[in-house]
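Below is one structure; the comments refer to it alone.
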2 protein chains.
Amino acid sequence: MTDVLPARRYPPGMVARVTLSDVARAAGVSLATASRALNGSSNRTVQPALRERVLAAAESLRYTPDANAQAMARGATSSVGLIVHDIADPYFSGIAAAVTRAADRVGLHVTLASTQHQPDREHELVALMRRLRTRAVIIAGGRMADPEREARLRDALGDLMAAGASVAVVGQPLEGIDSVVIDNPGGAAALAGALLERGYTTAGVLGGPPEHQTARARRESFVDAFRAGGGTVGEEHVVHGLFTWEGGASAMEALLGRPDRPQVVFAVNDVMALGALSAARALGVRVPDDVAVAGFDDIVTLRDVVPGLTTVRIPLDEAGEAAAELALDGMGGGEARRRLVRTEVVLRESTPPRA
Amino acid sequence: MTDVLPARRYPPGMVARVTLSDVARAAGVSLATASRALNGSSNRTVQPALRERVLAAAESLRYTPDANAQAMARGATSSVGLIVHDIADPYFSGIAAAVTRAADRVGLHVTLASTQHQPDREHELVALMRRLRTRAVIIAGGRMADPEREARLRDALGDLMAAGASVAVVGQPLEGIDSVVIDNPGGAAALAGALLERGYTTAGVLGGPPEHQTARARRESFVDAFRAGGGTVGEEHVVHGLFTWEGGASAMEALLGRPDRPQVVFAVNDVMALGALSAARALGVRVPDDVAVAGFDDIVTLRDVVPGLTTVRIPLDEAGEAAAELALDGMGGGEARRRLVRTEVVLRESTPPRA
DNA sequence: TTGTAGGCGTTATCAG
DNA sequence: CTGATAACGCCTACAA
């Protein structure tokens with residue numbers, strides 16, 4: 001078996017690429033046979049002897065099939081697209097990890113695209129995925145509800161699906177599209193219940209942006225449940241602000257400045273809760289001695305921090321898995337499916353039982 | 001302009017894909033002209049009138065070029081590969097964010113692959129990238145030094161580069177390959193200096209796995225610098241263990257069980273430091289009152305936690321940017337380049353100045 | 001079982 | 001400036 005080098009010539013700057021024909025020639029078989037030997041697909045109709053020859057030739061020529069060419073010939077790629085707002089955000093990276101695992105399991109690879117926090121870019125990225133002819137795309141994020149943006153997104157998704165790709169969103173359900181929805185209301189309500197059970201009777205809320213879908217769901221469910229359970233949440237103790245650390249800090253500041261400080265403060269996400277902790281400390285208010293604090297998300301690197309933050313865990317791996325399952329199974333043409341990912345209350349030291 | 005639908009027939013299950021020919025036909029021009037009008041490449045030699053017609057046709061047909069076909073014809077894809085161990089790890093997701101941004105900036109998209117913490121899979125993923133014909137690949141991770149694995153990786157990288165792709169590694173420098181290296185020794189030494197300056201004279205180290213490259217670099221530099229600065233680090237106060245939360249916790253436990261407890265304990269990463277905090281608390285040892293603690297990495301979600309953890313920040317965005325720059329500039333054939341990313345000491349409450 | 005040949009969607013070369 | 005037409009690398013009926 002000699003290392004027959006391709007005789008073709010390449011433009012300067014280009015590198016010699018060994019193709020299937022090279023392998024076929026080196027092995028002394030036809031292109032078809034080489035293809036079958038290397039790919040095998042369903043019917044492995046190729047004599048062991050030849051097969052060996054081909055494999056050996058491929059090996060010695062360091063041949064690797066060109067996925068793009070295969071995609072063209074087969075009419076389908078082996079990639080799934082994942083669109084997030086910011087991969088550095090633990091929420092998204094958690095989902096990404098699960099999606100990656102799932103894709104890997106079925107021999108697909110993932111193309112990652114990030115909107116860089118610009119929700120209006122979502123539709124552009126969907127268009128990108130269409131050009132790439134990804135088999136499926138998973139869209140995570142888009143927490144703000146903006147009808148116009150959603151319309152454009154829908155449009156792009158229409159084109160994408162018309163091209164045969166399947167789609168799944170996780171986080172914000174999208175009418176008519178397979179979606180996995182996080183049980184924010186359930187989690188917030190459960191948290192309220194758990195706090196009541198621990199003896200808290202008055203609560204405040206750092207509620208995030210009024211229009212923020214996720215924030216709203218958590219805030220409203222918490223308030224409703226806490227009240228329904230006999231607790232008190234004063235209207236003046238529901239403070240709005242940004243969905244960020246700073247947002248949590250300044251909201252907490254405002255809250256602590258009011259009379260009748262509530263026994264516990266619920267921040268609609270962990271990062272805000274951290275800001276709240278910091279603000280409290282700055283004001284000389286001790287947590288949990290003077291005021292208890294709870295968050296939402298259970299950010300992974302926050303676990304085992306001191307004091308442990310009571311929160312609601314979102315099983316991101318489940319969410320990612322579910323999204324991948326929906327997207328990869330491809331919807332059977334029927335109704336848009338929906339998967340609910342249950343959240344779970346995690347009680348820690350920041351909300352000790354009240355005597 | 002009528003919406004001329006493609007007359008071709010497709011196998012069942014397949015979806016009608018509108019191609020450039022369809023657009024050309026609808027616009028009444030040749031394939032070549034349509035291509036030029038839509039792509040324009042360098043020489044935009046196509047009459048405005050025709051150009052308009054083509055654009056309109058494409059628009060109404062909802063045409064999008066097939067990236068795979070373009071890749072084939074052009075002989076080059078527009079994707080860059082990114083290989084990490086675990087995208088959920090803030091270290092990797094931080095780098096991924098920067099890489100994504102950089103790629104985006106130059107009109108490339110990123111294909112993400114994860115080894116799932118199995119370093120032996122790195123070479124497989126490199127092979128994947130080769131099949132995909134990515135223009136460049138960035139490898140982040142691989143903290144363990146395993147010559148055999150490295151050999152296989154090298155091999156795969158050779159093939160990849162022979163195919164014309166450029167490569168850059170970040171984290172663990174690889175001989176002969178463009179790499180961005182994190183200044184772990186510098187950071188650890190600087191931390192030692194800062195602690196000495198704050199009045200600490202005795203230190204212990206939670207050193208991670210003995211063979212772990214990163215751990216070793218940090219541990220040794222810290223010890224050397226602390227001693228060089230007049231401080232004391234007893235051999236029995238350097239405890240090895242896992243590079244994880246549990247590793248930090250049990251190492252701390254062991255350390256606190258010894259006589260002559262050091263004034264400050266340096267954990268070679270933040271997560272281990274967290275474990276250490278937890279272990280200390282469990283043993284009734286207060287931080288920082290009874291013992292000060294410092295970590296390394298400055299995990300983003302840990303900032304602003306109480307008590308603030310003194311640590312060494314790794315500017316992941318810089319690292320990612322640098323890697324992308326190296327990989328995308330493609331090495332000019334010369335020597336392997338090297339970029340040093342400086343780390344920065346961040347002093348917080350876990351290591352207060354000693355009176 | 002193996003080989004031949006046509007096609008996948010674009011780009012690019014080379015004549016008109 | 002525009003239009004045939006040959007690649008690009010591979011797969012797959014269809015034939016042999």
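Any value given below was found using the heavy atoms of this structure, including those in side chains, with hydrogens, waters and symmetry copies removed. Below, chains carry the letters A, B, ... as their sequence lines are ordered, and counting in each starts from 1. Computed from a predicted model, the values in this text were never measured in an experiment.
- Residues Ala69(B) and Leu50(B) each lie close to DNA chain D; by heavy-atom proximity, the contact nearer the 5' end of the strand is made by Leu50(B).
- Taking side-chain N and O atoms only, Gln70(B) has no distance below 4.0 Å to OP1 or OP2 of dG9(C).
- Put simply, CZ on Arg74(A) is 8 Å from C1' on dC11(D), counting in whole angstrom units.
- For the pair Asn39(A) and dC11(D), the criterion of a side-chain N or O lying under 4.0 Å from OP1 or OP2 is met.
- Of the candidates dT4(C), dT10(C), dA12(C), dT10(C) carries the atom nearest the Pro65(B) side chain, counting heavy atoms from C-beta on.
- With 3.5 Å as the limit, one finds a donor-acceptor pair spanning the side chains of Thr115(B) and His85(B).
- Regarding Leu20(A), its CG atom lies at a distance of 14 Å from the P atom of dT4(C), rounded to whole Å.
- For Arg36(A) and dA15(D), the CZ to C1' distance is 11 Å, given to the nearest whole Å.
- Between Thr19(B) and the phosphate of dG9(C), there is no side-chain N or O to OP1/OP2 separation shorter than 4.0 Å.
- For Ser35(A) and dC11(D), the shortest distance from a side-chain N or O to OP1 or OP2 is below 4.0 Å.
- Residue side chain Arg133(A) does not reach the base of dG9(C) through any donor-acceptor N/O pair under 3.5 Å, judged by distance alone.
- Contact annotation: Thr33(B) side-chain N/O to dG3(D) OP1/OP2 distance is under 4.0 Å.
- The distance from atom CG of Asp159(B) to atom CZ of Arg130(B), rounded to the nearest 0.5 Å, is 4.0 Å.
- Taking atom CZ of Arg17(B) as the reference point, atom P of dG7(C) lies 18 Å away to the nearest angstrom.
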